[in-house]
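Note that the structure is predicted; figures quoted are calculated from it, not measured. Heavy-atom basis, side chains included; hydrogens, waters and symmetry copies ignored.
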Amino acid sequence: MNENVLKKEFGKKDVTRLRNLMTGKHNNKSGQSVGYNKKESFYKEGDIWEEDGRKWTIKDGIRQNVTKMDRAKKAYLKPLMCPKCDKIMNKGADPGYYNQFGHCFKCFKKFETSLKINGLWEEFERKTINGNVDAFIKWYKGLINEQLNHSNAGFVTEAGDVEKWHGGLNKEKVIEALDETIKLWEEAKK
């Protein structure tokens, strides 16, 4: 018996599909199908929509998922080129200066030189330091308030034993000491 005999006949659908492939019409249909057609929605650049329980947007012509971590990713990623001078940013000092000022170290040095020439450097330096002190005061207040509201009724040691503590903090004294410390920092700013 001849082994080259086909065990299955080609149907009309198979012949049509093969003809479409040979003529370069790869996307043409070779038969009809019945089923669900999804409603097509067209979105433009910057649109935000929800689909299948996820948020989507279009950025640079590409459909992207919008997540809660987008802001963190944006803060972490640094551009390859300085946005001010369009030169490549080095890995040394440039990332720190980009985080703080939005441009590379060389651009900051040019900015600093222009401030010194115009006699505005001391004012800029004072505003920068005062901004840092204000941020530190805000962080410190938050830390103290968090610790005051934290329960200190017990503690688990490294051995796994639970120690019960009695007493507690005198919240009035802690808040008073916090206010005195903040007054000292505020006076040091001037």
Side-chain angles (χ1 to χ4, degrees), residues 38 41 43 45-85 87-109 111-112 115 121-190:
K38 183 178 177 183
S41 301
Y43 300 100
E45 187 80 20
D47 286 350
I48 297 176
W49 70 95
E50 191 166 329
E51 184 177 303
D52 299 328
R54 291 179 153 188
K55 284 189 177 181
W56 298 91
T57 187
I58 296 181
K59 291 181 185 174
D60 301 324
I62 300 171
R63 179 180 165 180
Q64 295 180 356
N65 190 8
V66 177
T67 65
K68 294 177 183 177
M69 297 300 290
D70 283 345
R71 286 194 330 215
K73 285 186 232 175
K74 188 175 181 179
Y76 177 74
L77 295 175
K78 308 292 180 273
L80 185 61
M81 311 290 271
C82 173
K84 198 168 188 180
C85 67
K87 293 185 180 172
I88 295 176
M89 291 206 304
N90 299 323
K91 292 184 179 179
D94 288 342
Y97 279 88
Y98 177 78
N99 284 342
Q100 192 167 7
F101 302 107
H103 44 77
C104 68
F105 178 70
K106 288 181 182 178
C107 291
F108 178 75
K109 290 313 255 180
F111 172 70
E112 179 183 11
L115 286 177
W121 173 249
E122 288 79 18
E123 181 182 343
F124 173 77
E125 192 174 32
R126 187 174 33 80
K127 282 183 180 179
T128 304
I129 291 171
N130 288 346
N132 292 342
V133 170
D134 290 339
F136 180 75
I137 288 172
K138 182 178 177 184
W139 171 80
Y140 191 67
K141 280 182 179 179
L143 176 70
I144 296 298
N145 287 330
E146 181 182 324
Q147 292 299 321
L148 285 175
N149 295 329
H150 189 268
S151 171
N152 63 351
F155 177 74
V156 180
T157 64
E158 291 178 3
D161 299 329
V162 177
E163 295 180 0
K164 296 287 182 182
W165 294 350
H166 299 287
L169 295 172
N170 186 345
K171 291 184 180 184
E172 292 80 24
K173 280 190 174 182
V174 171
I175 291 173
E176 185 180 312
L178 173 67
D179 291 339
E180 288 176 18
T181 306
I182 290 173
K183 283 179 187 175
L184 290 173
W185 285 333
E186 292 288 343
E187 289 174 7
K189 282 183 2 180
K190 299 173 184 176

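- Here the side chain of Asp161 pairs no donor or acceptor atom with the backbone of Thr157 at under 3.5 angstrom.
- Without hydrogens or angle criteria, Lys59 side chain to Thr57 main chain gives no donor-acceptor distance under 3.5 Å.
- One finds the NZ atom of Lys87 at 6.0 Å from the NZ atom of Lys106 (value rounded to the nearest 0.5 Å).
- Other residues, nucleotides and ligands place more than 12 heavy atoms under 6.0 Å from the NZ atom of Lys78.
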**Request:** Evaluate the criterion side chain to side chain contact (heavy atoms under 4.5 Å, CB included) for residue pair Ile182 and Lys141; output intermediate values, then yes/no.
**Result:** CA-CA 9 Å; Ile182 290 173; Lys141 280 182 179 179; 3.2 Å; yes

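- For Tyr97 against Cys104, the heavy-atom pair with the smallest separation is CB-C, 4.2 Å.
- Looking at Trp121 and Glu112, their side chains come closer than 4.5 Å, going by heavy atoms from C-beta outward.
- One distance of note links CD of Glu45 with CD1 of Ile58; it measures 7.0 Å at 0.5 Å rounding.
- Ion pairing between Glu51 and Arg63 holds under the 4.0 Å rule for side-chain N and carboxylate O.
- The shortest distance between side-chain heavy atoms of Glu180 and Leu184 does not fall below 4.5 Å.
- Of the inter-residue distances, the one linking Asn99 atom CG with Tyr76 atom OH reads 11.0 Å to the nearest 0.5 angstrom.
- Between Glu186 and Ile137, the closest side-chain pair of non-hydrogen atoms falls below 4.5 Å.
- Around atom NZ of Lys84, more than 12 heavy atoms belonging to other residues, nucleotides or ligands sit under 6.0 Å away.
- Between the side chain of Glu50 and the main chain of Trp56, no donor-acceptor pair closer than 3.5 Å is present.
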Which atom pairs, one a donor and one an acceptor, fall under 3.5 Å between side chains of residues 88-96 and the rest of the protein, sequence neighbours left out?
residue, atom, partner, partner atom, Å
Asp94, OD1, Phe105, N, 2.9
Asp94, OD2, Asn90, N, 2.7

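- For the pair His103/Tyr98, no side-chain contact is recorded, criterion being any heavy-atom separation below 4.5 Å from C-beta on.
- A salt bridge links Glu123 to Lys127: one of the charged nitrogens lies within less than 4.0 Å of a carboxylate oxygen.
- The distance between the ring centers of Phe111 and Phe124 falls below 6.0 angstrom.
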**Message:** The test is salt bridge (charged side-chain N to carboxylate O under 4.0 Å, His left out); show your working for Glu176 and Lys173 and say whether it passes.
**Reply:** CA-CA 5 Å; Glu176 185 180 312; Lys173 280 190 174 182; over 6 Å; no

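- Once rounded to the nearest 0.5 Å, the distance linking CG of Asp134 with CD1 of Ile129 reads 12.0 Å.
- Side-chain atoms of Ile144 and Ile175, non-hydrogen and from C-beta on, never get closer than 4.5 Å to each other.
- Note on ring orientation: taking the six-membered ring where Trp is involved, the planes of Trp139 and Phe136 are tilted (angle from 30° to 60°).
- For Asp47 (side chain) and Tyr43 (main-chain N/O), no donor-acceptor pair under 3.5 Å exists by modelled atom type.
- In this view, Asp70 and Lys73 satisfy the salt bridge (Lys or Arg N to Asp or Glu O under 4.0 Å) rule, not counting sequence neighbours.
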